[in-house]
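Note sheet for the following structure.
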Amino acid sequence: MRKKEIFIFLFIGTMILSGCSRRTSQNIQQNTESLAYQNSSIVEIDTSDMFSARDKEVGYPEEESVSVVLSDEGTVCESDAVIVEDKKIMITKEGTYVLTGNLTDGMVMVEAKDTDKVQLVLNDVNISNSESAALYVFSADKVFVTTAAGSENTLENGGNYMAIDENNIDAAVFSKSDLTFNGEGRLTVTAKAGHGIVSKDDLVFTCGTYEIISADHGIAGKDSVRIANGSYKIISGKDGIHAENAEDTNLGFVYLADGTFQITSEQDGISAGSWLQAENGVYTITTGEGSAGAETSNVQEHMQKRMPAERNFEENFEEAAEEDSVSIKGLKAGTQMVLKEGSYTLDSQDDSLHSNGAINIRGGTYKLSSGDDGIHADTNVLILGGSLDITQSYEGIEGLSIDITGGEINVQALDDGINAAGGNDGSGFGGPGPGDDPFATTEGAYICISGGILHINASGDGIDSNGDITVSGGETYVSGPVNDGNAALDYNGTATITGGVFAAAGASGMAQNFGNSSTQGVIMVNSNMQEAGTQISLTDSSGTKILSWSTEKEYSSVIVSCPEIKQGETYTLTAGTAQESITMDSLVYGNSPQMGGQPGRDGRGGGMRNEGMRNNEMRNGGMPN
């Protein structure tokens, strides 16, 4: 059972995003979504104007276009809007320019008026530059880069960047203005040093096929990265897709409407300095060395870190902070993350889904393998639907508060399956500090399950809240810990069940039942150790089986609850080789390790065994009845 040092973040109720930019401020409606959850206030983003009609237009007026034939022997263009200086091609006026040919150690540069819109059509273009960007937008209102249908195009930096003006050019494609990519062709961008594609304003992709190989970030937009569709293969030394605005933390957002993404990154797969929202799409992301490369896969090391001796606390905490200084997450958001639909296959060295604020999952299919948390939010995690399979994690789902209203969720965790503890990104590595009360409640911490189907397999606590736990619906099945220092159900506040199906099995040393405020019948029994895979079943007095479930691990404590359990009725609980006839004198029944007795105080079974429980592990100042 892990109780963490909590750094409580005051939740940003409405998270005002005003002043986004002269373009974005008109596109984002500042309405806070109305949700009936204590901490799940999420800003509902109006994305209807994220892409202009021209962003999506892949055609161009050929008769009005300017032809630019690139050549190492001498670029040919008849327009006075194009200045050719050896291998530097400068476009100075608004218009559409069709580029063909090859240029070695050259550059195409746009230096137009701040009111000019420039379209560059790449039609089998190959540009490399060993000392700077292959494509450089110095000034314009907006530049559209369109790949012609069927064309193959490459833009490459060779590994160095020499200063050519006051700007710090550090990408194979570098823009000081808004930049849009579209088209029906293919574009390969290689940056042997620096980033692949960078815009210091908004960076937009609406269609096309892209392969980006970069030493640093693959795609980076200062104000935003917006992707409507397209196919993206990104291999990057830092983040695959990155948006961050150090001057205005409300900017630096990522919006993904659709598309196919294959990202292999040494740091975050997709990172947004403010909010991240995905409507749809297919995402296959590997970060760092994947979950197998995380130090969190060493269970013994983590057990030592989470409950360190007081004299080693500061050393362990500093070590954990240092390990987390480089972010290697799958999807990461600075303020909020909303995932509506899509398919996500994430293998991340750090958290798979991470938000410094809240996370909403409203649908989609997820296969998450994480070296730390499968899903982590500093504030609230809200799961309304979707199919989530967390195949590997240190902790499965973690947040200050967790609301689950729907979906099919499978969790495999080396520590807690679902944990309401709060705190920041480092919480997965810490323990309680010297003098901290590990059983104190944390303000705002709760777990609320009102729907969905959950299967949890946890080596630590199955469901762990530093505050309250409420179950009012859905189906929850917990294969909990085999060690007596953890429990299938663990809480510091109160635990109430009012509806749904709940079945949990684990060790009995720290076992807790739901409390007496429950309005649905619940039974907890402890027995001798039962083998993994044995069936747990509950039958009523007529012999009808009303609940049946098989655990994944051995166990010595069982909790079952379902709507059919009524006060005053008699039931038979079978758990492996143990069997007990139970009369529900009250709605909450808990008993001793040898299958018998009456409920104890605060959810503990009556006559709970004394061995395996230390004095400082007693709750509410005493042994159970």
Side-chain angles (χ1 to χ4, degrees), residues 188-192 194-197 205 209-220 225 227 230-244 254 256 258-272 276 278 280-298 323-333 337 339 342-355 359 361 364-376 386-398 410-414 425 428-429:
T188 300
V189 177
T190 303
K192 295 181 179 178
H195 314 298
I197 300 173
F205 294 81
T209 301
Y210 304 88
E211 182 171 353
I212 300 168
I213 303 170
S214 61
D216 293 335
H217 300 318
I219 292 172
V225 175
I227 298 178
S231 177
Y232 306 83
K233 181 179 180 181
I234 301 173
I235 301 173
S236 62
K238 289 188 177 178
D239 298 347
I241 298 175
H242 178 92
E244 185 174 7
V254 175
L256 307 165
D258 210 332
T260 301
F261 302 83
Q262 182 179 343
I263 299 174
T264 303
S265 61
E266 292 300 313
Q267 296 184 18
D268 297 329
I270 302 176
S271 175
L276 186 156
N280 214 323
V282 177
Y283 305 83
T284 305
I285 299 176
T286 301
T287 70
E289 298 178 16
S291 56
E295 292 187 16
T296 56
S297 62
N298 187 327
E323 288 176 359
D324 197 51
S325 60
V326 175
S327 184
I328 318 176
K329 299 172 174 62
L331 303 183
K332 184 177 76 173
M337 181 185 300
L339 306 177
S343 174
Y344 305 81
T345 303
L346 310 183
D347 186 7
S348 57
Q349 189 166 327
D350 202 338
D351 301 344
S352 289
L353 303 178
H354 176 98
S355 174
I359 291 179
I361 297 174
T365 303
Y366 303 79
K367 185 175 182 180
L368 310 179
S369 182
S370 170
D372 196 11
D373 299 337
I375 301 171
H376 175 100
S387 175
L388 291 87
D389 189 7
I390 302 176
T391 61
Q392 179 175 326
S393 66
Y394 184 63
E395 292 199 320
I397 302 173
E398 182 179 54
N410 294 288
V411 174
Q412 298 281 334
L414 297 176
D425 186 32
F429 297 93

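The basis for the numbers below is simple: all heavy atoms, side chains too, and nothing from hydrogens, waters or symmetry mates.
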Fill in: Distance-minimising heavy-atom pair for Gly396 and Ala413
N-CB, 3.9 Å
Fill in: Qualifying residue for salt bridge (Lys or Arg N to Asp or Glu O under 4.0 Å) with Lys329, from Asp347, Asp239, Asp373, Asp350
Asp350
Practice prompt. Decide side-chain contact (heavy atoms from CB on, under 4.5 Å) for Leu388 and Asn410; before the verdict, give the C-alpha distance in whole Å, the side-chain angles of both, and the deciding distance to 0.1 Å.
Written response: CA-CA 6 Å; Leu388 291 87; Asn410 294 288; over 6 Å; no
Worksheet item: Is the shortest distance from a Lys or Arg side-chain nitrogen in Asp268 or Lys332 to a carboxylate oxygen in the other one below 4.0 Å?
Response: yes
Discussion item. Check Asp389 with Lys367, please: is the shortest side-chain N to carboxylate O separation under 4.0 Å?
Written reply: no
Discussion item. Determine whether Ile397 and Ile390 satisfy the following criterion, side-chain contact (heavy atoms from CB on, under 4.5 Å), listing intermediate values before the conclusion.
Written reply: CA-CA 9 Å; Ile397 302 173; Ile390 302 176; 3.9 Å; yes
Practice prompt. Evaluate the side-chain proximity of Ser327 to Gln267: yes if any heavy-atom separation is below 4.5 Å, no if none is.
Written response: no
Worksheet entry | Exercise: identify the closest heavy-atom pair between Ser355 and Met337 | OG-N, 4.0 Å
Item to complete: Check Gly194 against Ser214 and note the closest heavy-atom contact, atom names and distance.
Response: O-CB, 4.0 Å
Worksheet entry | Close side-chain approach of Leu256 and Tyr283, heavy atoms under 4.5 Å | yes
Worksheet item: Does any non-hydrogen side-chain atom of Ile270 lie less than 4.5 Å from one of Leu276?
Response: yes
Worksheet entry | Point-to-point distance, once rounded to the nearest 0.5 Å, from CD of Gln392 to CG of Leu368 | 11.5 Å
Worksheet item: What closest approach, in Å, do Ser352 and Gly374 show between heavy atoms, and which atom pair accounts for it?
Response: CB-O, 3.2 Å
Fill in: Rounded distance [0.5 Å steps], CD1 in Ile263 versus CD1 in Ile219
7.5 Å
Worksheet item: When you look at Ile197 and Phe205, which way does the side-chain contact (heavy atoms from CB on, under 4.5 Å) test go after all the steps?
Response: CA-CA 11 Å; Ile197 300 173; Phe205 294 81; 4.0 Å; yes
Discussion item. What I'd like to find out is whether the side chain of Ile241 reaches to under 4.5 Å of the side chain of Tyr232, using heavy atoms alone.
Written reply: no
Practice prompt. Heavy atoms only: give me the nearest His195-Asp216 pair and the separation to one decimal.
Written response: ND1-CB, 3.1 Å
Worksheet item: Is there side-chain contact between Tyr344 and Thr284, with heavy atoms separated by less than 4.5 Å?
Response: no
Worksheet item: How long is the span from the CD1 atom in Ile285 to the CG atom in Leu346, to the nearest 0.5 Å?
Response: 5.0 Å
Worksheet entry | Value rounded to 0.5 Å, distance of CG in Leu353 from CD1 in Ile361 | 5.5 Å
Item to complete: Show your working on side-chain contact (heavy atoms from CB on, under 4.5 Å) between Ile375 and Asp351 and close with a plain yes or no.
Response: CA-CA 6 Å; Ile375 301 171; Asp351 301 344; over 6 Å; no
Practice prompt. Kindly compute the distance separating CD1 (Ile328) from NE2 (His354), expressed to the nearest 0.5 Å.
Written response: 13.0 Å
Worksheet item: Checking Thr287 side chain against Gln349 main chain: does a donor-acceptor pair fall under 3.5 Å?
Response: yes
Practice prompt. Specify the closest pair of heavy atoms between Gly330 and Ser348, including all atoms of both residues, with the distance to one decimal.
Written response: N-CB, 3.8 Å
Worksheet item: Is there a donor-acceptor pair under 3.5 Å between the side chain of Ser393 and the backbone N or O of Gln412?
Response: yes
Fill in: Distance, nearest 0.5 Å, that separates CD1 of Ile227 from CZ of Phe261
4.0 Å
